[in-house]
Every structure is written in structure tokens, then in C-alpha cells.
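Okay, structure first, notes after.
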Amino acid sequence: SNDTLTKNLEIKSGLTVTPTPTPTPTSTPAPTSVIAPSSVTIGWYKGFSGQPAVGTYQMAISFLYSSNISDVQSFRLYLKKPGESSFSPVATFVNPSSIGSTCSGDIYSGEWKMRNCTTSGGGYWQIFGPLGPSSSYSTGEYNAYITAISNSGVEGSASAIARNIV
């Protein structure tokens, strides 16, 4: 055993062997992963008088995030449109903890925007695609999933895939 070996070394060499203590971490490291968003749904808004404009359509994706939002650097949206064989990242929303939770602030990623409605409007996050006429959206099945990216830059697991047929 190690104790016997240590005692034999001490006796034969006349030296005392002292194990080096393991240092105690001084701070808790930042999380390297985050949980997947849940309850992802895809819907469509049809324009009416006011916003969005009459004759336009807009994809709307909602999801829940039940962990600490301060651990999240960004959310990333992946989309597979009708006729496509794989998902593509279409929007990354940086610093989601910077917006309020009452549907009153937006984060933009290109033509896409995201808002946080967790304390009003049903307790969810919303992502809206660009406005366009019906001809800008192909007929068929749309699929989407969302990931969270931790403050240390690690992309977490994908949410379940949401589907909607137009």
C-alpha cells in the first residue's frame, strides 16, 4: 500500500515524505454548458390594419427557457425551409438578459428579432421573421430548433424540433 511504501521510504532514506495538499479553487468557474430551450412552436402572423401591414405574413417562433438567463450569451435559431435537406443557422440573438421581460424590448439579428415575454404575455420568448407577402414563403413544411450558447461560448443541446406546414 502507499502508506507502507511511504514508511519504508522514510526509514531507508531518513527523509520525511509529506503529501502535497490539493489546492482549493478560489472561485466557481463559469458554466460551460446551458440547457436546451423547450416548448418550441412555429406559427404565422397575417397582416391586418395596423402592424404587421395588410397582405404581409411573418413567421413567429415561441419557446421557454427555464434556467438562469444570466448564464446565456446568446440564443441561436436554426431553420429548415420547404425543399431544404438540412438546417441552417439563420439568427443569433446576443445578450438576451439585456432586454426586459415584458415584451417591451427587442434584440435584432439581421431581419429577425427576439423579445422576452416571460413576465407578461404567457411566459415565453418570441422570435419574429421578416415581414413579406405570401409569395415570399414557400408552401410546405418549416422546421426550427433553438440552442442556447453559454457565456463561455459553448453551444448547448438543441431544443426539440418544431414543425409547421404552410
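Numbers for residues simply follow the sequence, beginning at 1.
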Exercise for the section: Start with the C-alpha gap between M59 and L79, add the side-chain angles, then the distance that decides, and say whether side-chain contact (heavy atoms from CB on, under 4.5 Å) holds. Expected result: CA-CA 11 Å; M59 182 184 294; L79 190 61; 4.0 Å; yes
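Remark: I161 CD1 to Y145 OH distance equals 7.5 Å, nearest 0.5 Å. The distance from the CD atom of Q126 to the CG atom of N116 is 9.5 Å, given to the nearest 0.5 Å. Rounded to the nearest 0.5 angstrom, S150 OG and E155 CD are separated by 10.0 Å. A distance of 9.0 Å separates OG1 in T41 from CG in N164, rounded to the nearest 0.5 Å. In this structure, the separation between NZ on K80 and CZ on F87 is 5.0 Å, given to the nearest 0.5 Å.
Ring orientation note: the planes of W44 and Y137 are nearly perpendicular, at an angle over 60° on the 30°/60° scale. The aromatic rings of F63 and W125 sit parallel to each other, their planes meeting at less than 30°, with 60° as the upper class boundary.
Put simply, V40 and I149 are part of two different groups of oily side chains (I, L, V, M, F, W, Y) that touch within less than 4.5 Å, one to the next.
Cation-pi geometry between K113 and F128 is satisfied (NZ or CZ under 6.0 Å from the ring centre, within 45° of the ring normal).
With S159 contributing its side chain and I146 its backbone, the two residues share a donor-acceptor pair below 3.5 Å. Checked by atom type and distance alone, the side chain of N151 pairs as donor or acceptor with a backbone atom of S70 at under 3.5 Å.
Across every non-hydrogen atom of A60 and Y45, the tightest pair is CB-CE1, 3.5 Å. In terms of heavy atoms, V166 sits closest to S138 at CB-O, 4.2 Å. Between P37 and A148, the closest heavy-atom pair is CD-N, 4.1 Å. Pairing each heavy atom of L77 with each of A144, the nearest pair is CD1-CB, 4.1 Å.
A heavy-atom distance below 4.5 Å is not found between the side chains of S88 and Y78. Counting heavy atoms from C-beta outward, S66 and I35 have side chains that approach closer than 4.5 Å. Using a 4.5 Å cut-off on side-chain heavy atoms (C-beta onward), P96 and M114 make contact. By the 4.5 Å heavy-atom criterion applied to side chains, Y142 and P82 are counted as neighbours. In this structure, the side chains of F93 and S109 come closer than 4.5 Å at one or more pairs of heavy atoms.
For CD of E111, the number of neighbouring non-hydrogen atoms (other residues, nucleotides, ligands) closer than 6.0 Å is 12 at most.
The residue from V72, D71, N68, I69 that alone fulfils the side chain to side chain contact (heavy atoms under 4.5 Å, CB included) condition with S97 is I69. Of the options D106, I127, I107, a side chain to side chain contact (heavy atoms under 4.5 Å, CB included) to R115 is made by D106 and by none of the others.
A donor-acceptor contact under 3.5 angstrom links the side chains of R76 and T92, judged on distance only.
Side-chain rings of Y124 and Y65 stay apart, their centers remaining 6.0 Å or farther from each other.
By the salt bridge (charged side-chain N to carboxylate O under 4.0 Å, His left out) test, E141 pairs with R163, sequence neighbours left out.
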